[in-house]
Amino acid sequence: PPITSSHLPSHFMKGAIIQLATGELKRVEDLQTQDFVRSAEVSGGLKIDSSTVVDIQESQWPGFVMLHFVVGEQQSKVSIEVPPEHPFFVYGQGWSSCSPGRTAQLFSLPCHRLQVGDVCISISLQSLN
Amino acid sequence: NVEPRSVAVFPWHSLVPFLAPSQPD
């Protein structure tokens with residue numbers, strides 16, 4: 001099932017306090033690409049992947065969008081369904097969603113429009129080999 | 001005087017999607 005809005009509000013709400021892996025505290029709207037990269041570096045077992053948006057479609061679930069990514073060096077195809085207000089962090093750009101207006105309305109979080117070709121930050125488990 | 005209030009703190013990794021491709025057999 002898709003991720004529902006009820007899972008979203010608190011940590012994407014403007015002003016939400018985020019703890020980086022270094023222990024540093026930042027507001028969600030102040031996060032920068034380097035904060036995620038550095039956090040992954042000091043986290044055991046997690047790695048940052050570059051996930052490029054290759055397609056954005058309407059979902060079969062009303063009120064959702066289906067996002068298609070190619071992920072990491074392997075260029076694996078991964079699809080997820082999210083509400084259009086769900087923010088993703090785009091490298092060098094910051095928070096972006098399919099519906100920046102709705103994100104601003106619900107979370108007061110300033111967002112760019114997420115587009116095909118954007119490279120988002122995602123995480124996966126670090127390979128043990 | 002303002003009483004200190006507890007504030008929720010969220011871990012950084014809760015903000016980014018976990019996009020792990022399913023492993024081929």
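What you see below is based on every heavy atom in this structure, not just the backbone, and it leaves out hydrogens, waters and symmetry mates. Worth saying up front: this structure is predicted, and the values here are computed from it rather than measured. Convention: sequence-line order gives letters A, B, ...; per-chain numbering from 1.
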Check your understanding: Are A/Trp95 and A/Phe88 close enough that their ring centres sit under 6.0 Å apart?
Key ->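 Between A/Phe88 and A/Trp95, which both carry aromatic rings, the centre distance is not below 6.0 Å.
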Review point. Is chain B contacted by the side chain of A/Ile48, its backbone, both, or neither, given a heavy-atom distance below 4.5 Å?
Key: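 Side chain only.
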Check your understanding: Is it the side chain or the backbone of A/Phe36 that comes within 4.5 Å of chain B heavy atoms, both, or neither?
Key -> both
Exercise for review: Scan A/Cys98, A/Ser59, A/Ser51 and name whichever one has a side chain to side chain contact (heavy atoms under 4.5 Å, CB included) with A/Leu67.
Suggested key: A/Cys98
Point to revise | Heavy-atom pair of closest approach, residues A/Gln19 and A/Gly23 | key: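 Scanning both residues completely, I find the closest heavy atoms to be NE2-O, 3.5 Å.
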Point to revise | Most contacts with chain B, counted as non-hydrogen pairs under 4.5 angstrom, among A/Ser43, A/Ser39, A/Ser76, A/Ala40 | key: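 The option with the most such pairs is A/Ser39.
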Review point. For chain A, which of B/Val16, B/Leu19, B/Val9 has the most heavy-atom pairs under 4.5 Å?
Key: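 Answer, by heavy-atom pair count under 4.5 Å with chain A: B/Leu19.
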Review point. So, does A/Gln75 use its side chain to make a donor-acceptor pair with the main chain of A/Gly72 at under 3.5 Å?
Key: yes
